[in-house]
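In this text the structure is predicted, and so the values were computed from the model without any measurement. Order of the sequence lines fixes the chain letters, A, B, ..., with proteins taken first and strands second; residue numbering starts at 1 for each chain.
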Number of protein chains: 2
Amino acid sequence: MEMENGHAKYRVAVIGSGNWGSVASRLIASNTAKLPSFYDEVRMWVFEEILPTGRKLSESINEQNENCKYLPGIKLGTNVIADPDLESAVKDANMLVFVTPHQFVEGICKKLVGKLTPGAEAISLIKGMEVKMEGPCMISKLIADTLGINCCVLMGANIANEIAVEEFSEATIGYRKDKEVANRWAKLFTTPYFLVSVAEDIEGVELCGTLKNIVAIAAGLVDGLDMGNNTKAAIMRIGLREMRAFSKLLFPSVRDNTFFESCGVADLITTCLGGRNRRVAEAFARNGGKRSFDELEAEMLRGQKLQGVSTAREVYEVLTYRGWQELFPLLSTVHEICIGQLPPTSIVEYSEHTPNLSIIGGHTPFY
Amino acid sequence: MEMENGHAKYRVAVIGSGNWGSVASRLIASNTAKLPSFYDEVRMWVFEEILPTGRKLSESINEQNENCKYLPGIKLGTNVIADPDLESAVKDANMLVFVTPHQFVEGICKKLVGKLTPGAEAISLIKGMEVKMEGPCMISKLIADTLGINCCVLMGANIANEIAVEEFSEATIGYRKDKEVANRWAKLFTTPYFLVSVAEDIEGVELCGTLKNIVAIAAGLVDGLDMGNNTKAAIMRIGLREMRAFSKLLFPSVRDNTFFESCGVADLITTCLGGRNRRVAEAFARNGGKRSFDELEAEMLRGQKLQGVSTAREVYEVLTYRGWQELFPLLSTVHEICIGQLPPTSIVEYSEHTPNLSIIGGHTPFY
């Protein structure tokens, strides 16, 4: 640990420079420039690309102080330095922010083994873990296990472009045990327009960021069926209840309170109001389920993938494998609609399901 | 208690025949016609009015089986009988559903003293209790105390017109102790498109129905400031947190789980997506606070009153009186914006507030 006047001083590297990575770098850099416990410079690792102009993306960022490809029009702060060399980007850094597409995390971590400063801490801003039959494959755990370091997560209602223009929002940091480290991360991210709280529930926080996409599919179906706000609110609530129940069954340490945090109810609301999962599901319902999600995805998202559909399938496999299907009518129904086994209207047909909520400590429903 | 084949049999009266009263009567009557433990007939007390045609409202309802003034176009069920005579409407009824405007409850109850069947039970569907300095004036308590009977509440994301056309939604019944009675009410209300759960937390359930209107004002301000979904979701989440904290400080028996029920998060979502509190607050922010809520209310609502503004004032009085203002930055700020003391943009300025969430058992925020 480097020290200055007897106090620890931290050096931050951001691994990733897409839309959210660029916004996170900007947010962090505004704090490191002010706070004495951090070095001003924030090194941002860039997966190098050649722009249509023929220039390298990293050079363009450093010259214009702007990521013209993923966050055009927004200055990052002169203390953000783009670096296409991974090893050089993390050199001497003891706070590592992971914010890449989830499929690249494993490869990046393997390259970093043995290259990190002793005592380095990590945080993952990556939503989109996979849920495997034997349990979810948490990205924070992948990072922690591969690198042998502690890894927190930051999740919340965080549309990057809104945070880039400093609209008010919140986020939740999930940590395992070390609250002091979590508070240091919170200090690094908190600004007057971005309020961060900490929760000792890393699994709960990280699961919220993934499971909400299934609920967004359900909300989109309701929109496509032209049902009113009552119905949409009911579906969102049932979705939140099932997210909570599923998380608690997988990890008994998961806390109810987490679902009241930004990573829970707020991220769910944002995702069910906007977002591509909701949008494609709306189109799916408007077409009466006659055009597949794959087809609509290809047409509407131009290469971007719909996380909700694959997460719904993964969760369904877990539910089937463990015999939990009846406990999760909404999560099950979304998958069965996605694969064409049920019509879109099934999303509001729950009368035959009799979930036993005592498992999740909820109030007993009458039905 | 009347008995049939050794089983108790229940007779239902609905007190009120406005929009929600008519829909509730229809919903209930669809069940009493089918379920053997209830008499088919549902007597609905009508506050008599003379229609523009010169006919009496009650006669018109009974002839057309439709409330042409408050729920036009929807058949109520032939077993709904309108009755303009309060005493006759409740005769022999042992299940009384209160669904009048809140300012009439006290007068109606006084008229009913000594007229009820022994052992009668009540439920209130009325949102809009007043919050007085010495504590909230719960409508269920007013009914229970005046009539010396038990009174449950039913609250939720319940836009009457959507339930009238049988769009899927949910509700929560709050009860004090007697779960068997609560389950009987749930049986009376539950249909495949209207799912009802019960919660042993009458104060929590009833407070949700009132406090959400303050949060809807906040959400409307965000809409009027053209902020994105992130910000709106954050404000709704902070609002839910403060609803929960305020309820728990007033009534330590209030349970966290209640806020995950339809009366909590779902009603909040519905109210913040649509609803008149949200709509007028949006107009207020668009006018930069230059036109008062009174003025906009008169112009936009044609005589209907905005509950959120008066509830915000009442809650503010409690906060000031008890020294709790700093704990509730959102609830306080809404009132201060409503009276012109702060500009609408203050709704997203929380950096100077430092609420101590340990009081409500929430995760500790970093700030």
Pairs of heavy atoms under 4.5 Å with chain A: top-ranked of B:G264, B:G274, B:S169: B:S169
Top contributor to chain A interface from B:V165, B:N161, B:L273 [non-hydrogen pairs under 4.5 Å]: B:L273
B:D256 side chain reached by A:D256 side chain, heavy atoms, under 4.5 Å: no
Main-chain N/O of A:N230 paired to B:E167 side chain as donor or acceptor, under 3.5 Å: no
Point-to-point distance, once rounded to the nearest 0.5 Å, from [atom1] of [X] to [atom2] of [Y]:
X: B:L268; Y: A:M236; atom1: CG; atom2: CE; result: 9.5 Å
X: B:T231; Y: A:E166; atom1: OG1; atom2: CD; result: 11.5 Å
X: B:I235; Y: A:F168; atom1: CD1; atom2: CZ; result: 5.0 Å
X: B:D267; Y: A:R237; atom1: CG; atom2: CZ; result: 11.5 Å

Heavy-atom proximity to chain B below 4.5 Å, by part of A:L240: side chain
Atom group of A:M227 that falls short of 4.5 Å from chain B, counting heavy atoms: both
Ring geometry between B:F260 and A:F259 (parallel below 30°, tilted from 30 to 60°, perpendicular above 60°): perpendicular
Closest contact, heavy atoms only, B:A233 versus A:A157: CB-CB, 4.3 Å
